Amino acid sequence: MVRLILQRLAISIVILLAVSLIIFFATVLLPGDPARAILGQQATPERIAAINEQMNLNEPPLTRYFLWLGGLFVGDLGTSVATGQPVSQLLSDRVGSSVLLMVAAALISIPAGVILGIVSALRRGKAVDNTVTGLSLVLAALPEFVVGIALVAFFSTTVFTILPAVTMRPPGSQVWDFPSQLILPIAVLVLVVTPYIARMMRATMLEVLDSGYVEMARLKGVPERRVIFRHALPHAIGPVAQVIAIQLAWMAGGVVVVEFLFRFPGLGQALIDAVDYRDVQVVQAVTMIVALIYIIVNLLADIVGILTNPKLRTGGDA
């Protein structure tokens, strides 16, 4: 089991290095002169030379890649050419804001999806099951921006005006100082993620409940609660962990759309602003952070899958 976990860790590191190569050279190969695009009408030979020196644009691409990669290992994400600030300082508050959104949405959507899936499986074919299945199918078919617009129309404009439609904060304050502004962005992420978890939990739970060992436990007179939580749930949670990982990984990218919709000051808004201003260092840093979140979440899901697999846990053949 330990060997499998170490293998997954090694594969994750290799994938992260490959992603760093793709991110760096994709930004390097963008058409046009980055220095001229950044300076615009204020481009002069002296300023262009200063930007080239600041961004190491005079060096060969491979040398620039290793300089950039070395900086990542020591926490140096470069300097924003649009603001002149270190990228790490520019993104520090934004990372915290985005992580707050994702963690809050995960803490709500994961238990909600698991509970809804279990309840739906235990009430198979009944009104509760049909309602959960129907709602999850509808919500799963809607993109996040449609869900967000619907919530804004319902709670901020047309029907009710009880929640703010955009995020506004005075200078020097944090987004969590205004909890009401977090409700709609978190609700969008929860409504988009929960249906997939609930549907997968229902499917795996039904399969486990129909298995031979669950039937044998019932024939032996084991209480139903113990059958569900001791025999069925541990075997059903492994495949669901993979779906949860996929949804949490999606959340790291989908938060860009949600943040843009609500003008939320997080990584997504920073990425959009950086693309507008051709701030390559910020684009690279944000993309790497999102990729790192993807890889960490999938690695954790692999570990959960290994730990919940009895054959791997006991050293048997997988």
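Heads up: numbering here begins at 1 and tracks the sequence. Predicted, not measured: the structure shown is a model, and the values here were computed from it.
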Any non-hydrogen side-chain atom of [X] less than 4.5 Å from a side-chain atom of [Y]?
X      : Y      : result
Met288 : Leu16  : yes
Val188 : Val257 : no
Gln269 : Phe260 : yes

For residues 99-117, tabulate all N or O donor-acceptor pairs below 3.5 Å that involve a side-chain atom, not counting sequence neighbours.
{"unit_1": "Ser109", "atom_1": "OG", "unit_2": "Ala105", "atom_2": "O", "d": "2.7"}

Practice task
Using only heavy-atom distances, determine whether the side chains of Ser120 and Arg202 contain a donor-acceptor pair under 3.5 Å.
Solution key: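 Yes.
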Practice task
Check the angle between the aromatic planes of Phe160 and Phe155 and answer parallel, tilted or perpendicular using the 30° and 60° thresholds.
Solution key: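 Parallel: the ring planes of Phe160 and Phe155 meet at under 30°.
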Okay, side chain of [X], backbone of [Y]: is any donor-acceptor separation there less than 3.5 Å?
X      : Y      : answer
Ser156 : Ala153 : no
Gln247 : Thr194 : no
Thr204 : Met201 : yes
Tyr196 : Val243 : no

Completion exercise
d(Leu90 CG, Gln281 CD) to nearest 0.5 Å is 11.5 Å
Exercise for the section: State the CD1-CZ distance between Ile186 and Phe262, to the nearest 0.5 angstrom. Expected result: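 Atom-to-atom, Ile186:CD1 and Phe262:CZ are 10.5 Å apart.
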Exercise for the section: Using a cut-off of 6.0 Å, state whether more than 12 heavy atoms not belonging to Phe66 lie near its atom CZ. Expected result: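 Open.
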Practice task
Go through the steps to decide whether Ser20 and Tyr65 satisfy the test side chain to side chain donor-acceptor pair (under 3.5 Å), and finish with yes or no.
Solution key: CA-CA 9 Å; Ser20 70; Tyr65 168 73; 2.9 Å; yes
